[in-house]
Amino acid sequence: MSQILQAVRGMNDILPAEAELWELFEETVCSWLKAYGYRPIRMPIVEPTPLFKRAIGEVTDIVEKEMYSFVDGLNGEALTLRPEGTAGCVRAAIQHNLTSTPQRLYYLGQMFRHERPQKGRYRQFHQVGVEAFGYAGPDIDAEQILMGARLWGDLGLDGIELQINSLGQAEERARHRAELIAHFERHAELLDEDAKRRLHTNPLRILDSKNQAMQELCAAAPKLIDFLGEASLEHFEGVQSVLKNAGLPYVVNPRLVRGLDYYNLTVFEWVTDRLGAQGTVCAGGRYDGLVEQLGGKPTPACGFAMGVERLIALIQEADGVPEPAAPDVYLVHQGEMATRLAFQVAEGLRDQGMNVLQHCGGGSFKSQMKKADASGAPFAVIIGDDEATAGEAQLKPLRAGGGEQRRVGVEHLAEAIIDQLLDSEEE
Ligand code: ATP
Ligand code: MG
């Protein structure tokens with residue numbers, strides 16, 4: 001016997017019971033985004049590798065060790081499965097000249113990172129990404145943060161904490177960086193391998209370290225906020241004043257630096273303690289330099305991405321998995337004439353907006369009726385050759401209090417079903 005094939009490690013099948021929850025989630029997310037004027041955009045899953053190197057930064061976890069990169073065997077092009085959506089979205093916006101006017105855009109889809117799979121961390125995962133181009137002021141940052149709060153409410157989630165910080169501008173980070181390197185050099189014996197490697201390339205990222213042994217050293221490091229100039233502080237204040245007016249609680253976390261290089265000014269994360277170590281469900285911030293860096297006209301930008309698997313896990317913990325939606329009608333039929341009519345009846349009921357599960361695969365009336373009961377449908381429609389000859393069908397209510405079984409002309413079937421539904425609602 002040949003070996004059973006398995007999915008790639010860290011890449012999950014989402015089976016129907018869970019996929020139904022994903023669909024509900026996506027519906028909620030799409031109407032939430034529309035309520036804020038965001039419009040959909042869909043980018044390819046594969047992009048040229050240099051896009052990510054330039055956008056995300058060479059000395060980041062993603063580019064150094066998490067990308068699925070390969071050479072296209074047919075033309076030698078260096079390609080990468082997208083590890084995040086912002087780079088591709090900016091690329092698309094530049095390529096199609098979307099940045100000449102302000103834009104609010106969103107997308108949803110698979111991302112790929114070669115990480116160690118564990119709860120809340122997969123090699124294929126999904127993000128909802130939100131990007132706004134052409135808005136320089138703190139109002140859009142604040143609006144994007146408020147959006148999160150509304151979505152958690154729409155999804156019935158609570159206990160998700162908001163952390164914010166400001167990364168200032170490049171010059172401010174440069175002065176802070178010099179001090180930071182000096183601080184870490186004074187304690188060189190405490191640095192782990194990653195930190196040593198990053199000390200002179202990307203010391204800010206050392207602060208993002210998850211290594212417990214370095215937490216104290218990081219906590220004592222010079223804080224970026226103390227190096228921010230007036231304009232940066234004003235922007236940060238602007239964001240905070242909107243949050244305060246809205247009564248939205250938040251924590252300023254000076255160690256929030258984000259794992260990607262392109263951010264400036266506002267950064268934020270929404271974090272829960274209910275998912276263990278993988279607690280960040282949404283993260284984002286401002287990236288004013290990226291559009292120009294990727295070859296576009298200078299365009300301020302701000303965005304965030306949510307981890308769908310982590311949010312789904314939270315929803316499951318809060319509500320459990322919803323019951324699968326039952327069909328309105330289970331259609332039972334036996335005999336050649338009956339089956340011909342059954343196909344017509346099923347399409348006719350669907351024309352009236354009903355969900356019809358037509359029995360397939362034959363079998364006795366008794367075995368078909370068992371399936372009808374198990375389907376959860378409130379009605380079975382039963383057609384034998386006898387009914388078919390008369391152009392009729394049996395309408396059999398399956399739920400208690402649904403009324404008597406009766407024979408109805410097929411042209412009146414939809415009407416009869418609706419009448420019975422209304423009757424049983426009145427009772
Ligand atoms: P983390 O610190 O958890 O590695 P990150 O900073 O790398 O997250 P971002 O690049 O900001 O993550 O992506 C935004 C969100 O996407 C994260 O907050 C998280 O919810 C989700 N996410 C990121 N990587 C994964 C993954 N490997 N599996 C599942 N979800 C992920
Ligand atoms: Mg990561």
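Atoms within a ligand are numbered from 1 in the order they appear, just like the ligands themselves.
- The shortest heavy-atom contact between Gly148 and Trp32 is N-CZ2, 4.3 Å.
- In this comparison of Lys119, Arg123, Arg121, Gln278, the heavy atom closest to atom 1 (P) of ligand 1 sits on Arg121.
- When the heavy atoms of His126, Arg116, Arg113 are ranked by distance to atom 7 (O) of ligand 1, first place goes to Arg113.
- Against a heavy-atom cut-off of under 4.0 Å, Ala283 is close to the following atoms of ligand 1: 11 (O).
- A side-chain donor-acceptor contact under 3.5 Å links Glu18 and Trp22.
- Here the side chains of Met369 and Tyr330 are not in contact, with every heavy-atom distance at 4.5 Å or above.
- For atom 16 (O) of ligand 1, the candidate residues are Glu84, Gln127, His114; the nearest heavy-atom contact is made by Gln127.
- The pair Asp61-Arg205 counts as a salt bridge, with a side-chain nitrogen and a carboxylate oxygen less than 4.0 angstrom apart.
- Considering Phe125, Tyr263, Tyr122, Trp270 only, the shortest heavy-atom separation from atom 22 (N) of ligand 1 involves Phe125.
- In terms of polar-atom proximity, defined here as any N/O pair under 3.5 Å, Glu115 does make such a contact with ligand 1.
- Remark: ligand 1 atoms within the under-4.0 Å shell around heavy atoms of Thr280 are 17 (C), 18 (O), 19 (C), 20 (O).
- For Glu309, the heavy-atom gap to ligand 1 stays at 4.0 angstrom or more.
- With Phe125 as the aromatic partner, Arg310 does not meet the cation-pi criteria of under 6.0 angstrom to the ring centre and within 45 degrees of the ring axis.
- Formation of a donor-acceptor pair under 3.5 Å by the Gln169 side chain with backbone atoms of Asn264 is not found in this model.
- Here atom 2 (O) of ligand 1 lies nearest to Lys210 when heavy atoms of Arg310, Lys210, Met306 are compared.
- Arg197 has a carboxylate O that lies under 4.0 Å from a charged side-chain N of Asp194, or vice versa, which qualifies the two as a salt bridge.
- In summary, the atoms of ligand 1 found under 4.0 Å from a heavy atom of Val281, numbered by their order in the structure, are 20 (O).
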